[in-house]
Amino acid sequence: MATDPVLTRFWTAFDDPVLAQLVEDGLTHSRDLAQARARLRESRAALRLKGFDRMPTVSGRRRRRRSSARPGNDVMLHRVTYLPKTVRRRLVTIGDSGDHGRRDRNGSGPRHDGDRLVQFGIFFELQLPRPWKQDAELELVHHALEQVEIADRIGIDYVWAVEHHFLEEYSHCSSPEVFLAAAAARTQRIRIGHGIRQVIANYNHPARTAEGIAMLDLVSRGRVDFGIGEGATRLELGGFNIPAKQKRAMSLEAAEQIANMMVMSPYPGFEGRSFSMPCRDVLPKPVQRPHPPMWMACTNRDTIRVAASHGLGALAFSFVDPDEARTWSRIYYDTIRSEQCVPLGHSVNANIAMVSPFSIHSDRTEAVRRGQENFEFFTYAISALVTQDSVPGRSRLWEDFQRKRGDRTSRQLAAASNETANLFLNSPGIGTPEDFERHVAQFEEAGVDQLVLLQQAGRNPHGEICESLELLGRTVLPAARQRAEQRAARKAADLAPFITQAMARKKRMKPLSDEEIPVVQASVSSVTMSETRK
């Protein structure tokens with residue numbers, strides 16, 4: 001007999017032997033409703049031990065089999081009511097209002113969550129190596145927006161845009177809020193991610209960040225993710241007079257208050273080390289409650305631990321192998337489960353995302369030709385910006401990279417054409433769709449929740465980026481979508497009690513009573529309209 005696919009997913013996710021037998025017996029489509037109910041009653045004790053306070057129930061109604069022409073050949077179809085959607089969600093984000101991924105009452109429905117084991121994102125630094133032709137930045141930005149449209153259409157889950165300042169050639173994305181607003185207007189379902197917003201007050205006043213995140217959430221109908229960061233180079237930190245040794249503390253102080261501003265009405269005001277502001281009602285408020293999911297930029301094991309200790313998603317902007325990814329994932333989730341996790345925001349976003357090189361083609365040699373050099377420029381530029389002196393307006397990153405790289409391209413292409421795997425010099429994530437599927441599987445097994453594709457780097461042409469994305473949509477993504485959400489359900493069930501405990505440890509800002517809200521004095525006692533004398 002046919003079985004209920006949702007019940008099958010439920011049983012597989014929670015490994016319940018009674019529900020297993022129920023599925024195997026095909027009782028969800030049988031006439032014996034009483035037996036189905038009896039089996040579910042037997043399962044309740046086991047489910048309660050797993051910490052679920054809402055049990056599955058079964059109800060039935062008769063419907064004629066459309067496939068049979070014989071009269072009277074009807075079947076009892078049973079409807080199973082499961083756990084709350086919070087527990088079944090792909091992304092574990094639990095906060096003051098329960099499932100904050102759910103839209104508020106005026107929203108347009110729940111946020112999109114994929115059914116694959118690992119989600120996918122695309123990532124923009126908006127790199128532009130010299131020499132620069134006329135209108136190069138104009139072309140760069142609009143090509144990037146076209147890539148976002150393709151990503152939305154083929155089923156990629158996230159678009160992430162950085163915020164960097166003064167980093168010639170490496171990143172021309174100094175106003176991601178503008179870029180992401182345009183991306184939101186051109187798309188329907190893809191998540192819109194600040195990856196990251198510079199939250200230190202010297203860059204952006206926290207009230208302006210809270211207003212901007214909320215407005216973008218309204219524009220996108222609740223699709224925003226909010227990554228926080230602090231900057232790393234002297235070009236940025238010195239440009240905004242930020243002491244390098246204090247940047248982490250300044251960033252976390254501002255981020256906590258931004259979360260408070262998005263939640264509290266009015267915001268009571270703050271006197272801190274990095275900024276101060278009086279009591280104000282910071283508007284608008286975001287669609288997602290209590291606020292959009294929060295992430296933190298991470299580059300090593302230490303920052304992975306810091307992100308988890310504050311209940312933030314980890315945006316890992318370092319290129320690591322699957323073994324190191326497994327270590328990072330273990331550190332992250334062990335910290336989430338521990339008493340060290342004290343949420344900075346008003347929810348916990350338990351997710352880890354890692355950036356990966358990306359260039360695929362049916363011919364591995366062509367994929368390497370298109371992607372490898374540009375990816376290596378990305379990693380070279382990251383290092384050069386912190387290890388080499390800079391002359392503003394006179395950068396030579398691409399020129400220096402080419403001189404130091406020598407004949408490496410020809411050697412890589414020769415290696416890529418050889419089927420002996422240990423001769424490959426190209427990076428994982430660059431190759432055929434089959435190569436990329438194996439790459440994804442390794443990170444799934446390592447416990448990574450999202451793979452963020454670095455598709456725009458160096459001088460890779462827009463047309464080749466689009467071809468690579470389209471091929472991903474035709475090959476890798478359909479297979480990924482067919483995987484059930486077993487891991488997501490197990491993860492949600494496992495983390496729910498730990499996240500509840502973490503939220504209980506959160507240090508909250510005391511709201512003001514009506515009597516405590518300060519009165520803002522009027523500017524003048526009356527307004528006099530000026531008149532033009534004849």
Side-chain angles (χ1 to χ4, degrees), residues 90-91 111-127 139-162 171 173 176-196 216-217 219-227 292-293 295 313 315 317 351 353-361 367 370-371 374-375 378 429-430 433 436-437 439-440 443 448-458 460-481:
R90 172 81 183 92
L91 298 177
R111 61 182 279 185
H112 168 80
D113 287 313
D115 60 358
R116 59 184 76 96
L117 292 182
V118 65
Q119 292 189 308
F120 293 92
I122 59 172
F123 175 56
F124 289 99
E125 291 275 6
L126 296 183
Q127 293 203 332
E139 184 178 83
L140 173 69
V141 168
H142 285 275
H143 282 170
L145 290 171
E146 290 176 25
Q147 293 163 32
V148 175
E149 291 184 70
I150 293 173
D152 182 58
R153 174 168 50 78
I154 67 175
I156 286 176
D157 302 282
Y158 286 77
V159 52
W160 298 98
V162 304
S171 177
C173 192
E177 66 279 11
V178 178
F179 176 81
L180 291 172
R186 290 169 174 241
T187 57
Q188 297 297 319
R189 50 159 300 282
I190 196 168
R191 299 284 300 176
I192 307 297
H194 271 279
I196 47 68
L216 184 58
D217 205 40
V219 168
S220 66
R221 296 184 180 272
R223 290 187 280 147
V224 169
D225 280 61
F226 172 32
W295 302 70
L315 283 172
F317 290 137
N351 285 282
M354 289 192 171
V355 175
S356 168
F358 174 72
S359 173
I360 62 173
H361 192 276
R370 293 181 175 195
N374 295 298
F375 165 67
F378 183 92
I430 297 176
F436 192 75
E437 285 179 338
H439 176 61
V440 171
F443 279 86
V448 174
D449 299 298
Q450 182 183 155
L451 207 59
V452 183
L453 312 180
L454 179 62
Q455 85 291 343
Q456 190 272 322
N460 50 348
H462 171 60
E464 294 180 358
I465 295 173
C466 294
E467 289 176 11
S468 194
L469 288 172
E470 295 282 8
L471 182 59
L472 180 78
R474 293 194 304 270
T475 57
V476 179
L477 291 184
R481 291 193 195 97

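In what follows, residues are counted from 1 in the order of the sequence shown.
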S.K.: Between the side chain of Asn351 and the main-chain N/O of Asp449, is any donor-acceptor distance below 3.5 Å?
M.R.: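 Side chain of Asn351 to backbone of Asp449: no pair is present.
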
S.K.: Find the distance between CZ (Phe375) and OG (Ser359) and round it off to the nearest 0.5 Å.
M.R.: 11.5 Å

S.K.: Is there a side-chain contact between Asp225 and Pro292 in this structure, where contact means two heavy atoms from C-beta onward sitting under 4.5 Å apart?
M.R.: no

S.K.: Among Glu139, Glu467, Gln147, His142, which residue meets the side chain to side chain donor-acceptor pair (under 3.5 Å) test with His462?
M.R.: Gln147

S.K.: Testing the basics here: between Val219 and Ala184, what is the closest heavy-atom pair and its distance to 0.1 Å?
M.R.: CG1-CB, 4.4 Å

S.K.: Find out whether Thr187 and Ile192 are in side-chain contact, i.e. whether some heavy atom of one side chain is under 4.5 Å from a heavy atom of the other.
M.R.: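 Yes, side chains in contact.
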
S.K.: Taking the side chain as everything from C-beta on, heavy atoms only, tell me whether Pro433 gets closer than 4.5 Å to Leu471.
M.R.: yes

S.K.: Which heavy atom in Ala367 sits nearest to a heavy atom in Ile430, and how many Å separate them?
M.R.: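 Looking at all heavy atoms of both residues, the closest pair is O-CG2, 3.5 Å.
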
S.K.: Ion pair present between Asp157 and Arg189, side-chain N to carboxylate O less than 4.0 angstrom?
M.R.: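 Result for this pair is yes, salt bridge flagged.
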
S.K.: Are any of the side-chain heavy atoms of Ile150 and Cys466 separated by less than 4.5 Å?
M.R.: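 Yes; the side chains approach each other to less than 4.5 Å.
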
S.K.: Would you sort out whether Leu477 and Ile154 count as a side chain to side chain contact (heavy atoms under 4.5 Å, CB included), showing the intermediate values?
M.R.: CA-CA 8 Å; Leu477 291 184; Ile154 67 175; 3.9 Å; yes

S.K.: I need the Ile360 CD1 to Glu470 CD distance, nearest 0.5 Å.
M.R.: 10.5 Å

S.K.: Report yes if some heavy atom in the side chain of Ile122 is under 4.5 Å from a heavy atom in the side chain of Tyr158; otherwise report no.
M.R.: no

S.K.: For the pair Glu146 and Arg186, find out whether any cationic side-chain nitrogen is under 4.0 Å from an anionic carboxylate oxygen.
M.R.: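 No.
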
S.K.: Please check: side-chain N/O of Asn374 versus main-chain N/O of Asn460, any donor-acceptor pairing under 3.5 Å?
M.R.: yes

S.K.: Once the angle between the rings of Phe317 and Phe123 is folded into 0 to 90°, is it parallel (under 30°), tilted (30 to 60°) or perpendicular (over 60°)?
M.R.: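 Ring orientation, 0 to 90° scale: parallel.
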
S.K.: Could you tell me whether a side-chain N or O of Ser171 sits under 3.5 Å from a main-chain N or O of Glu125, the two making a donor and an acceptor?
M.R.: yes

S.K.: What's the shortest heavy-atom distance between Val162 and Pro176, and which atoms?
M.R.: O-CB, 3.1 Å

S.K.: What is the distance from atom CD of Gln119 to atom CD of Gln450, rounded to the nearest 0.5 Å?
M.R.: 6.0 Å

S.K.: What are the two closest non-hydrogen atoms of Ser356 and Gly429, and how far apart are they?
M.R.: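 What the structure gives for the nearest pair is OG-CA, 4.3 Å.
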
S.K.: At what distance, to the nearest 0.5 angstrom, does CG of Leu180 lie from CZ of Arg191?
M.R.: 12.0 Å

S.K.: Do Phe358 and Phe436 have their ring centres less than 6.0 Å from each other?
M.R.: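 When the ring centroids of Phe358 and Phe436 are compared, they turn out to be within the sub-6.0 Å range.
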
S.K.: Listed by chain and number, what are the ring-ring contact (aromatic ring centres under 6.0 Å, His included) partners of His361, not counting sequence neighbours?
M.R.: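 Listed in chain order: nothing, the list is empty.
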
S.K.: Would you mind reporting whether His194 and Trp160 have side-chain heavy atoms less than 4.5 Å apart?
M.R.: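 They are not in side-chain contact.
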
S.K.: Kindly compute the distance separating CG (Leu145) from CG (Leu140), expressed to the nearest 0.5 Å.
M.R.: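 One finds 9.5 Å between CG of Leu145 and CG of Leu140.
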
S.K.: Are Val440 and Val118 packed together at the side-chain level, in the sense that at least one heavy-atom pair is separated by less than 4.5 angstrom?
M.R.: yes

S.K.: Quick one: does any side-chain atom of Ser468 pair with a main-chain N or O of Glu464 as donor and acceptor, under 3.5 Å?
M.R.: no

S.K.: If you define the side chain from C-beta out and look only at heavy atoms, does anything of Gln456 sit under 4.5 Å from Gln127?
M.R.: yes

S.K.: List the steps and the verdict of side chain to side chain contact (heavy atoms under 4.5 Å, CB included) for Ile156 and Leu472.
M.R.: CA-CA 10 Å; Ile156 286 176; Leu472 180 78; 4.0 Å; yes

S.K.: Quick one: CZ on Arg153 to CG on Leu469, what's the gap to the nearest 0.5 Å?
M.R.: 9.5 Å

